[in-house]
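Lettering of chains follows the sequences in order, A, B, ..., and the numbering in each one begins at 1. Just so you know, these numbers come straight off a predicted model, no measurement behind them.
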Protein chains: 2
Amino acid sequence: MTRVLVVDDEPQITRALVINLKARKYEVDAAPDGATALQLAAARHPDVVVLDLGLPDMDGVEVIRGLRGWTRVPILVLSARHSSDEKVEALDAGADDYVTKPFGMDELLARLRAAVRRAEPTGGGEDDVIVTTEDFTVDLAAKKVNRDGRDVRLTPTEWHLLEVLVRNTGRLVGQKQLLQEVWGPSYGTETNYLRVYMAQLRRKLEADPSHPRHFVTEPGMGYRFER
Amino acid sequence: MTRVLVVDDEPQITRALVINLKARKYEVDAAPDGATALQLAAARHPDVVVLDLGLPDMDGVEVIRGLRGWTRVPILVLSARHSSDEKVEALDAGADDYVTKPFGMDELLARLRAAVRRAEPTGGGEDDVIVTTEDFTVDLAAKKVNRDGRDVRLTPTEWHLLEVLVRNTGRLVGQKQLLQEVWGPSYGTETNYLRVYMAQLRRKLEADPSHPRHFVTEPGMGYRFER
DNA sequence: GACGTCCTTGACGCAACCCTGACGCCGCGA
DNA sequence: TCGCGGCGTCAGGGTTGCGTCAAGGACGTC
């Protein structure tokens with residue numbers, strides 16, 4: 001869930017923003033002044049900040065600098081001042097976007113989405129999703145399978161089949177579904193393909209291929225991957 | 001030097017932008033229509049795109065989608081249309097900012113700086129810039145490859161290919177992705193390019209080019225760089 | 001205008017992969 | 001006990017994909 005920090009001293013604007021954001025499943029914190037904003041930002045680590053420049057206790061640009069001192073969280077500035085200098089100052093201080101009041105709620109939300117989208121992949125470390133079993137590990141992002149410290153080579157079809165099963169860990173995947181996801185929508189009855197490739201996977205990954213622990217057959221129905 | 005791609009069909013606006021940008025030490029390419037824009041973006045890999053939505057040959061939003069298919073380069077939209085829907089559509093298609101004409105040059109430049117700054121790599125300590133293997137080292141920032149104490153000469157395409165692979169060290173990079181990132185979005189099936197250039201890289205960098213250790217082929221899927 | 005560099009393109013041999021059919025095993029019901 | 005359907009295994013053959021080489025063309029430099 002995306003967390004938004006709204007900083008504005010005008011209650012009606014804050015309220016309008018909070019209502020609209022919450023309706024769209026954002027988690028919202030609100031601060032009426034700069035000091036509270038900086039404090040809340042530190043405590044709650046929002047994913048995006050909507051900041052009105054006209055605050056009672058300090059200059060909005062100072063809030064931007066205060067945030068930029070330790071975080072790259074996207075900052076969307078809201079301001080009644082149309083002057084070009086104001087915009088330039090705020091943007092160069094580290095703001096990501098500048099919207100002048102009165103603003104359209106749709107546009108603001110779109111700009112907010114853009115800011116969040118931009119920050120997502122770069123923001124945190126890009127951790128690969130790795131599925132681990134007692135016998136081997138599967139790295140879905142890197143397309144790597146490791147067993148006893150050695151990388152296991154899989155053919156495209158083998159990998160594709162493994163991927164579908166792992167993405168449904170613990171769930172039964174029907175034969176028809178497997179065939180269609182791996183071989184294409186026009187397949188659905190060629191269960192011999194499944195038998196052959198399932199055997200390959202087991203031979204490459206199971207400790208005892210003839211008594212599979214992880215690639216379980218559900219007779220007449222399909223297969224299931226268990227960790 | 002920051003490279004900017006300006007896309008606009010009105011010569012006077014293009015000229016004004018080009019003059020202002022060049023005066024501020026930006027490297028500037030200009031395209032009068034969408035097709036040229038996509039082509040130039042692929043060929044020159046700009047650091048930021050300034051895009052007018054009103055183009056003669058195709059819808060500006062389509063240009064955004066075309067770019068977003070293979071790159072995350074910041075896109076700053078320029079438009080005469082003030083409608084909220086237009087803005088929302090462009091932003092949701094992947095634009096980073098939306099400025100309505102007439103615009104102030106100062107503001108536009110400030111927004112451009114903000115977009116570029118945002119895209120910069122995280123943090124100041126860039127220790128990932130030099131990748132070392134047993135056989136050679138790659139300096140991504142300096143665009144240099146060193147082997148046995150000597151710099152290796154790489155052609156632009158060779159370097160580009162190497163760069164994509166190194167930035168995904170350990171991860172499998174699909175052949176389509178490689179083609180699109182190196183040759184441009186309209187490529188995707190010309191796998192013979194990959195074969196030729198991968199052979200060049202191996203000949204220049206691998207200790208035993210016929211038994212590559214670092215540039216691994218995953219048949220039917222793509223290639224992987226291993227340290 | 002000659003030269004060199006780089007990108008593109010085609011051809012060829014070879015290895016790897018995918019498909020296919022045959023066979024045996026097992027569990028279940030007649 | 002026999003028949004049957006579903007599953008696992010194996011091996012062969014057609015096809016695809018990869019590595020390699022070499023030639024042609026575009027481009028810039030001297």
Item checked: Side-chain ion pair, D97(A) and R111(A), N-O less than 4.0 Å -> yes
Margin query: Taking only side-chain N and O atoms of T217(B), does any of them lie within less than 4.0 angstrom of OP1 or OP2 on dG17(D)?
Written below: no
Checklist line | Residue Y197(A), side-chain atoms from C-beta onward, closest of dC7(C), dC19(C), dC18(D) | finding: dC19(C)
Notebook entry, point to check: Rounded to the nearest Å, what distance is computed from the CH2 atom of residue W183(A) to the C1' atom of nucleotide dC19(C)?
Noted result: 10 Å
Note to self: If you only use heavy atoms from C-beta on, which nucleotide in dT9(D), dG10(C), dC18(D) is closest to the side chain of Q175(B)?
What the structure shows: dC18(D)
Next item on the list: Can you tell me the distance, in whole Å, between the NE2 atom of H211(B) and the P atom of dA15(C)?
Entry: 11 Å
Item checked: Residue mapping more 5' on DNA chain C - nearest nucleotide basis, L154(A) or R195(A) -> L154(A)
Check: According to a strict under-4.0 Å criterion, is T155(B) in side-chain N/O contact with OP1 or OP2 of dC7(C)?
Finding: yes
Item checked: Short side-chain to backbone donor-acceptor contact, S79(B) and R81(B), under 3.5 Å -> yes
Next item on the list: Counting heavy atoms from C-beta on, name the nucleotide in dG8(D), dC6(C), dC18(D) closest to the side chain of T191(B).
Entry: dC18(D)
Notebook entry, point to check: Side chain of Y193(B): nearest nucleotide among dC18(D), dT9(C), dT9(D)?
Noted result: dT9(C)
Note to self: Could you check whether R147(A) pairs with D135(A) (Lys NZ or Arg NE/NH1/NH2 to Asp/Glu carboxylate O, under 4.0 Å)?
What the structure shows: no
Next item on the list: May I ask you to decide whether R68(A) forms a salt bridge with D96(A), counting only side-chain N to carboxylate O separations under 4.0 Å?
Entry: yes
Next item on the list: From the options dT8(C), dC10(D), dC18(D), select the nucleotide whose nearest atom is closest to the side chain of R203(A).
Entry: dC10(D)
Item checked: Nucleotide dC18(C), atom P - distance to CE of M198(A) in whole Å -> 14 Å
Next item on the list: Round to a whole Å and report the spacing from CD of Q200(A) to P of dC18(C).
Entry: 8 Å
Next item on the list: Mind telling me whether F136(B) and H214(B) have parallel, tilted or perpendicular rings, with 30° and 60° as the class edges?
Entry: perpendicular
Notebook entry, point to check: Between E158(A) (CD) and dA16(C) (C1'), how many Å, whole number?
Noted result: 11 Å
Next item on the list: Give a yes or no on whether the ring-centroid distance for Y223(B) and F215(B) is below 6.0 angstrom.
Entry: no
Checklist line | Nearest-nucleotide pick for V196(A), side chain only, options being dC10(D), dG19(D), dC17(C) | finding: dC10(D)
Next item on the list: Would you mind reading off the distance between D208(B) atom CG and dG19(D) atom P, rounded to a whole angstrom?
Entry: 14 Å
Check: Which part of the nucleic acid does Y187(A) contact within heavy-atom distance under 4.0 Å: base, sugar-phosphate only, or nothing?
Finding: nothing
Item checked: Between C1' of dC18(C) and CE of M221(B), the distance in whole Å -> 14 Å
Next item on the list: Return the nearest nucleotide to the side chain of N192(A); candidates are dC18(C), dT20(C), dG19(D).
Entry: dT20(C)
Checklist line | side-chain N/O R153(B) vs dC6(C) OP1/OP2, d < 4.0 Å | finding: yes
Notebook entry, point to check: With a non-hydrogen cut-off below 4.0 angstrom, is F215(A) in contact with a base, only sugar-phosphate, or nothing?
Noted result: nothing
Check: Rounded to the nearest Å, what distance is computed from the CG atom of residue L194(A) to the P atom of nucleotide dT20(C)?
Finding: 13 Å
